[in-house]
4 protein chains.
Amino acid sequence: MYMSTTTTRIPRDTEDDYTPDMAAARREFLREQTGASLNHVGAFSIDPGVLPGNVENFSGVAQVPLGVAGPLCMNGEHAQGDFFVPLATTEGTLVASYNRGMRLLNECGGVKATVVEDNMQRAPVFIFEDALAAREFGCWVEEHEHEIRAVAEATTSSGKLTYIGQYQVGPLLYLRVNFTTGDAAGQNMTAKATLAACEWMTANYPGGAEYRLTGAIDTDKKHSHINMLLTRGKRVVAEAVIKNDVLERLMGVDTASVYDYRQIHMLGGFLAGTASNSAHAANGLTAIFIATGQDVANIAESQAAITYGRLLDNGDYYWSITLTSLVVGTFGGGTGLPTQRECLELLGCYGKGKVRKLAEICAATVLAGEISLTSAVLAGNWVNSHERLGRNR
Amino acid sequence: MYMSTTTTRIPRDTEDDYTPDMAAARREFLREQTGASLNHVGAFSIDPGVLPGNVENFSGVAQVPLGVAGPLCMNGEHAQGDFFVPLATTEGTLVASYNRGMRLLNECGGVKATVVEDNMQRAPVFIFEDALAAREFGCWVEEHEHEIRAVAEATTSSGKLTYIGQYQVGPLLYLRVNFTTGDAAGQNMTAKATLAACEWMTANYPGGAEYRLTGAIDTDKKHSHINMLLTRGKRVVAEAVIKNDVLERLMGVDTASVYDYRQIHMLGGFLAGTASNSAHAANGLTAIFIATGQDVANIAESQAAITYGRLLDNGDYYWSITLTSLVVGTFGGGTGLPTQRECLELLGCYGKGKVRKLAEICAATVLAGEISLTSAVLAGNWVNSHERLGRNR
Amino acid sequence: MYMSTTTTRIPRDTEDDYTPDMAAARREFLREQTGASLNHVGAFSIDPGVLPGNVENFSGVAQVPLGVAGPLCMNGEHAQGDFFVPLATTEGTLVASYNRGMRLLNECGGVKATVVEDNMQRAPVFIFEDALAAREFGCWVEEHEHEIRAVAEATTSSGKLTYIGQYQVGPLLYLRVNFTTGDAAGQNMTAKATLAACEWMTANYPGGAEYRLTGAIDTDKKHSHINMLLTRGKRVVAEAVIKNDVLERLMGVDTASVYDYRQIHMLGGFLAGTASNSAHAANGLTAIFIATGQDVANIAESQAAITYGRLLDNGDYYWSITLTSLVVGTFGGGTGLPTQRECLELLGCYGKGKVRKLAEICAATVLAGEISLTSAVLAGNWVNSHERLGRNR
Amino acid sequence: MYMSTTTTRIPRDTEDDYTPDMAAARREFLREQTGASLNHVGAFSIDPGVLPGNVENFSGVAQVPLGVAGPLCMNGEHAQGDFFVPLATTEGTLVASYNRGMRLLNECGGVKATVVEDNMQRAPVFIFEDALAAREFGCWVEEHEHEIRAVAEATTSSGKLTYIGQYQVGPLLYLRVNFTTGDAAGQNMTAKATLAACEWMTANYPGGAEYRLTGAIDTDKKHSHINMLLTRGKRVVAEAVIKNDVLERLMGVDTASVYDYRQIHMLGGFLAGTASNSAHAANGLTAIFIATGQDVANIAESQAAITYGRLLDNGDYYWSITLTSLVVGTFGGGTGLPTQRECLELLGCYGKGKVRKLAEICAATVLAGEISLTSAVLAGNWVNSHERLGRNR
């Protein structure tokens, strides 16, 4: 069995760790340990001084190629106008595919979009001796929701507790504490507020109560059915009416074929037990997330996308996409870092009061990708375009 | 209703599109359209000439901060020795958390890891008049698997068709064509090979057969239950025996508490209908994916992680994590791009014959994160560490 | 292709169809058509005159063997005392297995049980032009919940509307209208009340609204995740502390083995994507349902059972079962038919004010079966007992 | 706390327990204990002497009302001709609803049906020290499948081992051992054969292997996704082309409305995380199961039904239903009991060589119910018909 022989640790400076020098020192250390050059990793333009709170052991950057798709014409509630969408990706064809979907959408009059629900949560579990005790605690929580809300909201300037869902299993009471979180994605804010709420409940419930800060039904950075049903982050819809003649002209397929195929695709998704009956929502979302400084691990839940379409009497096709668990922010997290902020600015989404606009753009972009890929599958040019534009992996 | 007024398109050069000048031209165009500066986006060290096949409309890069965690002592089948794991992230605490998990694992003797299954797939659907016709086609496919394999494998130098799963619904026969794909993640290779197979089947099946290249049960860039059961990409296990005294010393919790809590956590996951009973597998995986040039949208399926642990008689705790759908490659895709390649080299995973090693390192990293976060929740310092190390979103 | 040659229809009497003579006439007709004797089917003691509202084309009865398990000692909220549980089944071993589980429970001090939630629902879907219209309708519904409640409750003497859940997908707003339904299972009551509510909404919403009475998320006679989370019918817990010495003496296994095995079993359930991490909740429930005149098709949702256990410091084992979607009634449906009523009387559960008592007995019975079968699997006598007591199917 | 005061046990006769006298003695005992009369329960025509292997503590029967629907014109592979389907139920409207669906199907030319897959299983879990050991055992199992098959099949006259699925989680290897089981449903046969296989593997694997006979992925008497994907019991399709004019005349709805509504219904099912996108498959199945002596608890898995339809160019509607996990038998279990056998004879399905015929009739009956209920929802007469024919629960 291999036993570790490394005695040295990654260099750290307890006083001033976020400097180009310390990053260089770490790269040098890593070079000695592994032989990797890390030259390009070390070629960054950003000031490490802005990174506390975003990364530890900072050693350089990943340079992720950035393509832009657009314009995307939107008539959202908050996103109105033409947008150029930054997509950070290494998957060939992706930008081109979203781009052609946007072109089609534009020719059909653009995309409507709206956020229909907004909930971020932390979900502690309270543990009791028996089921009756758990149920009684649940009643007490309902009765004291006002005080619990006050305690929770005192920890944050922008978070608002909306409701506390209760889900009991045996002597365990899983709570799902829901918040709106302003322009932040809000996981940390929510955790902090929920912690305060739990401590208050524990201190004030007669006899006390034992809890863990998560009982796993949040479900953070995991897809889950509860997220699809009850929303995590933003629940946002993008929709458009696809004109049959435009679809035929640009994509070479007709709306009736799309409608029939969507049935079969949806059925396949049901059979497979999938998180999403979309074609590839995760593709566009991930590329936007990387570009704009979102917490990319939230793709795990943000991927959940439900498409619904209907054939109109005139042969046009109404197409909608609903993202049930879109976790995005325009404030906090990685949104203020240099390239990330620039990409948010490209969308007019940097800073306060912009998060719903960003959510709408995310959904509209996904819709563009749906139409493009679905058409490609039906027109039989899917593999060809990857052959032409992508690396043959 | 807003109608698009943008008449100009994103600049493109049909002859030589992948140059610093074209990227600058696009940034200039975007600046005019939106006012965004894109200065940092334009500060890249990589040569655009390497990007065809990875991105279109290349305009610059996202600079994603890179932290490094380690050493991580491994006794895998393929990964043996001390590793320093590159994590590209903007989430404060993440690198620190994985790092402390690795330290604990090292003190417990390191991590074992092994790939137990390997399957990449494309899943066409064949459409018939009735169920009997679909079933008969299915029998014909079984009888001609040898020829189908030959046709499929002729399109690729490294892909091997392993088996064709059949799943019938009414007159629809969903096939799930499984391949091993060498060191590539293999989606494109698989699509191309499956297309060839489908065309051959259509041409040779008496009476012909209608199909769509995906019936959605692949399920590409989507979590699904079929992936958890039947594997997508690599099914890889990492495991370690956590010594109770080390856990108490480093994390301030004991193994018995972990065991009990894991039950409650697992139950919460079951209740929520989640893709993963892990604590936060997606966090570490996403950071490695971005760093090493993986197709990050595959986090959608790669997140699926199943933990299993048992309390040993001596009070130590056996802890395992199984990633059922890990989609990674060490060849093709974004793996050859400059910073991405450097990060793979940091792990000794660049190039051919390295993909299982990378898969093992991914799983071991996830395990480190599981232990760290689970301990933090139990020790009650989860929120505190985010307060200290993270931005308060 | 076979074309129907039957010109005669099953005999019916438009005036007086529920008589022994009409049943005999139908049997005679069927005998002529098929040759089946139907002698035993015709040997019933019940008066067909009680059957309108329970069956059409009444032709006789299925005689389902009835075994009795017990006594089962209960300390529920509503079920207190010793119970003998009627189990209508044709599966050998079943009664014996539940019986031995009850014996063990009795020796451990009996079973606690309590209903923790109560919700029956009908779930219409409202269909709009776009997502914004659907969201606005949802807001209107919230604002008019008081009037909607009044309209719905006017259709029923015992149903009470508790809350209306809203779940939006694109331009579709799925509502889940929740009721308590007194002692009835309540599906028909709920449908009627929801119909009235929908008609009122359609008539009063400015501009009107189109709907279908079910959008499938009820989910009636189907297992679903929404039922597990949000309850359908009764959410009821049964729980007991299993003494290690009693378990060893009666079952030949110890509690530590049970605890470890339950982890593996639960994991298997998670992997399989199952409705229930129980051993065989459906067995006991189905047998009680048939015996007591429940709508047996509701086993589809009532099967959902979540077990949770913990090893206590003294080596005893706390074991709980939670039925999340138990659809039962003690009034209406088949509960008043002769043998069904007798079986409810056997449990002291006939008539008004008894439904929670019945729910508790159902859960306690399931718990007895869990312990018995789990122990049998661990003790290695599962197959043997089926060999001895069951038919070798 | 209530402590049991019952000292007497349910009477048993160790020599001759299955007699009318013993059943009467038990009813008398129960009457003394509870006051319930059990008169109708005691009014049975069947000979208790036939019941060993079907029930213990036999005390009488549940008399479940039996209606008959039909004729149902079928052009199945095995079911051809006109059938009268026995439905044991206490839910008013049910028989009438299926009956009218059958009438419509007959006028459209009848139903096609076919079994497309056949697999019954027992799923042991093997437990190892680490993942590598589990994987190696898995390889050994593959290499020795021939011997394992021989050992398993030696325990049964009709069971044939088809394949052994392997699903690994950490150090656990879940096997799913699949069999065809002739005309029996086959759970016991499968358990016995799998036990023999496990014992052989344990004895012959170098170093031995620890196992539990079920690791829960069978999944017996539980709905699960693995059942939907990989079949449990019979996977059977029923299908018909619904003529638009007949649908309009008999049901008052047109096919285009059905097609559109099915989309919305299917989406609701996807959203709810349901086991079935059917309208109410469990209703008809349960009624057939009770009537024909099936193990009714298997409704838990048999309910899983997937509908797929398409609008044809002439305006007719192709409608199919796929039952993925239909657990039925025509031999063994309760199929030989008096009323149950008579009901099988009514269908021409009693005894050997009839199980696929029965499966086809089940699916065709479900299809009739789908069309009837879906039409009722669309025509707006759903609640009315329950008002008229059902008890207002």
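We use all heavy atoms of the structure for the numbers below, so side chains are in, but hydrogens, waters and symmetry mates are not. All chains are named by letter (A, B, ...) in the order of the sequence lines, taking the proteins before the strands, and each is independently numbered beginning at 1.
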With rounding to the nearest 0.5 angstrom, report the OH to CD distance, A:Y350 to A:E345.
7.5 Å
Option in A:T89, A:L172, A:I46 with maximal non-hydrogen atom pairs under 4.5 Å from chain B:
A:I46
Measure distances from B:A69 to the heavy atoms of chain A and classify the residue's part below 4.5 Å as side chain, backbone, both or neither.
backbone
Are B:F58 and B:F44 an aromatic pair, judged by ring center distance below 6.0 Å?
yes
Can you give me the closest heavy-atom contact between A:G329 and A:T335, atom names plus distance?
O-CG2, 3.4 Å
Option that, when pairs with chain A are counted at under 4.5 Å, heavy atom only, ranks first among B:I226, B:L347, B:L72, B:N57:
B:N57
Between the main-chain N or O of A:T274 and the side-chain N or O of B:S224, is there a donor-acceptor pair closer than 3.5 Å?
no
Option in A:S59, A:G35, A:A43 with maximal non-hydrogen atom pairs under 4.5 Å from chain B:
A:S59
Can you tell me which portion of A:N298 sits under 4.5 Å from chain B's heavy atoms? Options are side chain, backbone, both or neither.
neither
So, taking the atom named CD in B:E342 and the one named CZ in A:R27, what distance separates them when rounded to the nearest 0.5 Å?
9.0 Å
How long is the straight-line distance from CD1 of B:I127 back to CD1 of A:I264, given to the nearest 0.5 Å?
3.5 Å
Can you find a pair of side-chain heavy atoms, one from A:P65 and one from B:E56, that are under 4.5 Å apart?
no
Beyond-backbone contact of B:R9 with B:F29, side-chain heavy atoms, under 4.5 angstrom:
no
Rounded to the nearest 0.5 Å, how far apart are CZ of B:R103 and CD of B:E107?
5.5 Å
If you count heavy-atom pairs under 4.5 Å between each of B:T219, B:V125, B:L267 and chain A, which one has the most?
B:L267
Between A:I290 and chain B, which part of the residue has a heavy atom less than 4.5 Å away: side chain, backbone, both or neither?
both
Give, for atom NE2 of A:H265 and atom CG of A:D260, the distance between the pair rounded to the nearest 0.5 Å.
14.5 Å
Non-hydrogen side-chain atoms of A:V95 and B:V55 separated by less than 4.5 Å:
yes
If I measure from the heavy atoms of chain B, does A:A300 come under 4.5 Å with its side chain, its backbone, both, or neither?
both
Which answer fits B:A304, side chain, backbone, both or neither, if we ask what part of it has an atom under 4.5 Å from a heavy atom of chain A?
neither
Would you mind checking which part of A:F270 comes under 4.5 Å of any heavy atom in chain B, side chain (CB onward), backbone (N, CA, C, O), both or neither?
neither
For the side chain of A:N99 and the backbone of A:G70, is there at least one donor-acceptor N/O pair under 3.5 Å apart?
yes
So, do A:D218 and A:R176 sit near enough that their side-chain heavy atoms are less than 4.5 Å apart?
no
Of the listed residues (A:A62, A:P48, A:G293, A:A216), which shares the most heavy-atom pairs with chain B below a 4.5 Å separation?
A:A62
For A:E91, the option from B:Q294, B:Q187, B:K221 that meets side-chain hydrogen bond (donor to acceptor under 3.5 Å, both in side chains)
B:K221
Answer key: most heavy-atom pairs under 4.5 Å with chain A among B:T34, B:L94, B:V296, B:V68 is B:V68
Applying a strict 4.5 Å limit to non-hydrogen atoms, the region of B:A88 in contact with chain A is side chain
Which of A:G336, A:A36, A:G348, A:G273 touches chain B most, by non-hydrogen pairs under 4.5 Å:
A:G273
Do you know which of A:T93, A:L87, A:L378 has the most heavy-atom pairs with chain B at a distance under 4.5 angstrom?
A:T93
Where does A:M74 contact chain B at under 4.5 Å (heavy atoms): side chain, backbone, both or neither?
backbone
Against chain B, work out which of A:Q80, A:H225, A:K222 has the most heavy-atom pairs shorter than 4.5 Å and name it.
A:K222
Nearest heavy-atom approach of B:C343 to B:L66 is SG-CD2, 3.7 Å
CE/A:M189 to OG1/A:T194 distance, rounded to the nearest 0.5 angstrom?
11.5 Å
Chain A heavy atoms under 4.5 Å from B:T286: which part of the residue, side chain, backbone, both or neither?
side chain
B:N227 portion near chain A, given a 4.5 angstrom heavy-atom threshold
neither
Residue part contacting chain B, namely of A:L285, when any heavy atom lies under 4.5 Å
neither
So which of B:I299, B:N283, B:I217, B:V169 has the largest heavy-atom pair count under 4.5 angstrom toward chain A?
B:N283
Region of A:Q303 that comes under 4.5 Å of a non-hydrogen atom in chain B
side chain
Contact leader toward chain A among B:L38, B:L195, B:L213, where contacts are heavy-atom pairs under 4.5 Å
B:L38
The interface call for B:L346 against chain A, heavy-atom contacts under 4.5 Å, is both
Taking the inter-plane angle between the rings of B:H223 and A:H223 on a 0 to 90° scale, is it parallel (under 30°), tilted (30 to 60°) or perpendicular (over 60°)?
tilted
At a 4.5 Å cut-off on heavy atoms, which part of A:Q63 comes close to chain B: side chain, backbone, both, or neither?
both
Can you say whether A:A287 sits under 4.5 Å from chain B via the side chain, the backbone, both, or neither, judging by heavy atoms?
neither
A:A279 versus chain B, heavy atoms under 4.5 Å apart: side chain, backbone, both or neither?
backbone
Closest contact, heavy atoms only, B:N106 versus B:C73:
OD1-N, 2.8 Å
Does any backbone or side-chain atom of A:V41 lie under 4.5 Å from a heavy atom of chain B? Answer side chain, backbone, both or neither.
both
With a 4.5 angstrom heavy-atom cut-off, which part of A:R122 approaches chain B: side chain, backbone, both or neither?
side chain
So what's closer than 4.5 Å to chain A heavy atoms on B:F83: side chain, backbone, both or neither?
neither
Measure distances from B:R26 to the heavy atoms of chain A and classify the residue's part below 4.5 Å as side chain, backbone, both or neither.
neither
Options B:D220, B:T292, B:V377, B:L30, ranked by heavy-atom pairs under 4.5 Å with chain A, top entry
B:L30
